[in-house]
There are 2 protein chains.
Amino acid sequence: MPRIRHHQGNCSPGCAVEATLRLIDGKWKGVILYHLLEGTLRFNAIRRRLASVTQRMLTNQLREMEADGLIARTVYAEVPPKVEYSLTVRGRSLEPVIHALKVWGDLHAELHPDAARPVETAA
Amino acid sequence: MPRIRHHQGNCSPGCAVEATLRLIDGKWKGVILYHLLEGTLRFNAIRRRLASVTQRMLTNQLREMEADGLIARTVYAEVPPKVEYSLTVRGRSLEPVIHALKVWGDLHAELHPDAARPVETAA
DNA sequence: CGGGATCCTTCTTGATACTG
DNA sequence: CAGTATCAAGAAGGATCCCG
């Protein structure tokens, strides 16, 4: 059973935002979570979905997410080796967050010309 | 008017998740957005809410967010100087995302003992 | 197949001092 | 008050090679 990293000190109210963010940042974690939401995947299956990731990075990211209790790693004693990654209960609870990120990305990928104006002066 | 950084290539479906994430990661941006949701703030007002941030970091983060079209910077020609930061339309549109991050953080800050188990074997 | 180990480069962050 | 400039440290990420 992997140890859980705690990123939680007790700080100002906005800190919960940061704590969550720290779990899913890191260049690939968001996408990995996104793909694992659809089901268990093997190492190379994830790798194919990310295309430009290196083995080392993928391994690192997966290990960190495992340490954070977001994903589970299952090793099958076979030859050739088979390792499956799936979401934990905790990992799956991030679904609303991942969903919110995706929805926003889809809507705001390209910037609307006037979206960069202050709210107060937008009228 | 600041230039907008585009982090968008066209990649796999999960890429929208990543694109959004890249805008709000960076150690302070999430919290800054969180606080600016409540209204316009001056430089040092933000700084006080973050406590342990350095001027340099705060300036950097604010500048990047400005470049990303998320916040607006208003300089008043006064002595002493007065600079206010507020959300843009685009920045405010992130509210559901920030909210999702905060809700999750509040709920899952401390790990439930069995939350790190795979979904499949959780029954 | 799914890594581990190593080396190297770049990005990020921090500390400190100075300024209009 | 709200920065800028500079220096230095560390973390993140990439390239490559080896392994059970």
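Residue numbering restarts at 1 for every chain, and letters A, B, ... go by the order of the sequence lines.
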Evaluate the side-chain proximity of [Y] to [X]: yes if any heavy-atom separation is below 4.5 Å, no if none is.
{"X": "B/Leu94", "Y": "B/Thr20", "result": "yes"}
{"X": "A/Leu36", "Y": "A/Leu70", "result": "no"}
{"X": "A/Leu50", "Y": "A/His35", "result": "yes"}
{"X": "A/Leu23", "Y": "B/Trp104", "result": "yes"}

Residues in side chain to side chain donor-acceptor pair (under 3.5 Å) contact with B/Glu84, at least two apart in sequence or another chain: B/Tyr76

Test of understanding: with side chain to side chain donor-acceptor pair (under 3.5 Å), list the residues that count as partners of A/Asp25, not counting sequence neighbours. A/Arg22

B/Arg47 side, atom CZ; B/Gln55 side, atom CD - distance, nearest 0.5 Å: 4.0 Å

What's the verdict on side-chain contact (heavy atoms from CB on, under 4.5 Å) for A/Trp28 and A/Ser52, showing C-alpha distance, side-chain angles and the deciding distance? CA-CA 10 Å; A/Trp28 301 105; A/Ser52 64; 3.4 Å; yes

Walk along nucleotides 1-14 of chain C from 5' to 3' and tag each nucleotide B, S or - by protein heavy-atom contact under 4.0 Å, base first, then sugar-phosphate. BSSSBB------BB

Identify the 5'-most and 3'-most nucleotides of DNA chain D with at least one atom closer than 4.0 Å to a non-hydrogen atom of chain A. D/dG13 to D/dG20

How large an angle, rounded to 10°, do the end axes of the helix from C/dC1-D/dG20 to C/dG20-D/dC1 enclose when each is built from five base pairs? 50°

Between A/Tyr85 and the options A/Leu58, A/Leu62, A/Thr40, the side chain to side chain contact (heavy atoms under 4.5 Å, CB included) test singles out A/Leu62

Can you list everything that forms a side chain to side chain contact (heavy atoms under 4.5 Å, CB included) with A/Val75? Sequence neighbours excluded, please. A/Arg73, A/Val83

